[in-house]
Amino acid sequence: MTDIESRIDTSRPHTARIWNYWTGGKDNYPVDREAGDRIRQLHPGIGEYAREDRLFLGRAVRHLAEEEGIRQFLDIGTGLPSADNTHEVAQRVSPDARVVYVDNDPLVLAHARALLVGTPEGRTDYLDADLRDVDTILAAAGKTLDLDRPVALMLLGVVIFVEDDAESYAVVRRLMDALAPGSHLVLSHTVVHPSMPEVDAAVAFWNEHGTPRLTQRTPEAITRYFDGLELLAPGVVPCSRWRPDAPAPDVAMYAGVGRKP
């Protein structure tokens, strides 16, 4: 058994593997599928969050590469490889784009090394690190990315795993402070909302049975991650409403993109 294999716990459901299951992937285990089905019973629309979050990633990366001229991406909380990963979208626009993926899930690590391979003109790298390991991430990412030039910091569905509000804001701020003017923050986050009580039930089930625990925040609290940045229109909204290619229903996953002045 390799070191990576020894770190994979198949006795409890894991968020990256459930997300993979909901988006039609094969990199999951029976325990993940069972939990995913149970969560869908509590909140039938939750599988749409995974799909809409992935579509938001594609639209945001495409916009940054095409309209903002961003050629460097730091994607923390990568999750299991799927269709249209960050480097695929970015390098489709600009083959010389550079992408560094960061995750601390061993199954993600195993697949990323094999599947997250970019163009010959660009660079794609993977770091095994936790979101909170800011200094480690920046030091290692700086070997692939030029941190003196604009970088898009991708934090999709990952700060939800930092339970303490002050710590979560501080982590995002430290990362953005280290990046050059013209850098962008792309962030999505599960929302708590009075009109969506079924979401609370699904999250409560997850936190009792799954790992890691996740934290919901209000739309106003999510907007605070963009303090000091110039929010791109339409602001912090359901990710399905961030410059959609086609109309889509609202989901309890809010997202925004902000530019560092």
Side-chain angles (χ1 to χ4, degrees), residues 15 18-19 22-23 39-40 42-64 68 75-77 79 131-132 152-177 179 183-207 210 212-261:
T15 180
I18 291 179
W19 213 250
W22 283 337
T23 55
I39 293 170
R40 264 200 293 226
L42 293 168
H43 181 28
I46 201 164
E48 287 297 303
Y49 297 6
R51 191 179 78 88
E52 292 298 338
D53 199 44
R54 174 60 56 167
L55 292 174
F56 163 69
L57 179 150
R59 295 193 303 272
V61 171
R62 187 171 68 243
H63 170 80
L64 293 177
E68 307 291 343
D75 187 339
I76 303 177
L131 169 64
R132 299 171 180 85
L153 173 63
M154 312 288 296
L155 297 176
L156 272 66
V158 63
V159 293
I160 61 176
F161 301 117
V162 183
E163 186 171 359
D164 183 80
D165 287 344
E167 182 183 15
S168 71
Y169 293 127
V171 166
V172 175
R173 176 59 60 88
R174 287 181 60 200
L175 286 164
M176 288 304 299
D177 283 350
L179 302 181
S183 293
H184 287 70
L185 171 63
V186 182
L187 183 143
S188 68
H189 195 299
T190 303
V191 71
V192 58
H193 199 287
S195 67
M196 298 179 175
E198 69 277 10
V199 177
D200 299 341
V203 170
F205 175 86
W206 172 256
N207 284 340
R213 289 177 58 85
L214 64 86
T215 300
Q216 297 164 275
R217 292 185 170 93
T218 64
E220 294 77 16
I222 296 167
T223 302
R224 281 189 56 195
Y225 290 106
F226 296 92
D227 283 356
L229 305 179
E230 300 168 353
L231 262 176
L232 276 61
V236 176
V237 295
C239 63
S240 53
R241 286 204 281 127
W242 198 92
R243 306 188 182 193
D245 296 321
D250 286 356
V251 296
M253 178 71 75
Y254 275 46
V257 179
R259 181 183 185 277
K260 181 177 180 178

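Numbers here are sequence positions counted from 1.
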Does the side chain of [X] reach to within under 4.5 Å of the side chain of [Y], using non-hydrogen atoms?
X	Y	answer
His189	Val159	yes
Arg132	Glu167	yes
Leu57	Met154	yes
Val158	Leu187	no

Residues passing the ring pair (Phe, Tyr, Trp, His ring centres under 6.0 Å) test with Tyr254, sequence neighbours excluded, are none
Can you pull the side chain to side chain donor-acceptor pair (under 3.5 Å) pairs that have at least one residue in residues 238-248, sequence neighbours excluded?
Arg62-Asp245, His63-Arg243, Arg241-Asp250
Can you tell me how far apart SG (Cys239) and CZ (Arg54) are? Round to the nearest 0.5 Å.
12.0 Å
Could you measure the distance from the CG atom of Asp177 to the CZ atom of Arg174? Nearest 0.5 Å is fine.
9.5 Å
Which residues pass the side-chain hydrogen bond (donor to acceptor under 3.5 Å, both in side chains) test with Arg224, sequence neighbours left out?
none
Using residues 225-236 as the side-chain source, report each donor-acceptor pair under 3.5 Å to any protein atom, sequence neighbours left out, with the distance given to one decimal.
| from | atom 1 | to | atom 2 | distance (Å) |
| --- | --- | --- | --- | --- |
| Tyr225 | OH | Ser168 | OG | 2.8 |
| Tyr225 | OH | Arg217 | NH1 | 3.2 |

Leu175 and Ile76: side chain to side chain contact (heavy atoms under 4.5 Å, CB included), yes or no, with the steps?
CA-CA 11 Å; Leu175 286 164; Ile76 303 177; 3.9 Å; yes
Residues passing the salt bridge (charged side-chain N to carboxylate O under 4.0 Å, His left out) test with Arg173, sequence neighbours excluded, are none
How far apart are the closest heavy atoms of Val251 and Glu52, and which atoms are they?
CG1-CG, 4.1 Å
Nearest non-hydrogen partners of Leu131 and Leu155, listed with the distance:
CD1-CD2, 3.9 Å
Looking at Ser183 and Leu179, would you say the former's side chain and the latter's main chain have a donor-acceptor pair under 3.5 Å?
no
Mind checking what makes side chain to side chain contact (heavy atoms under 4.5 Å, CB included) contact with Leu64, not counting sequence neighbours?
Glu68, Ile70, Phe73, Ala152, His184, Val186, Val257
Go through the steps for Val162 and Thr215 under the test side chain to side chain contact (heavy atoms under 4.5 Å, CB included), then give the verdict.
CA-CA 7 Å; Val162 183; Thr215 300; over 6 Å; no
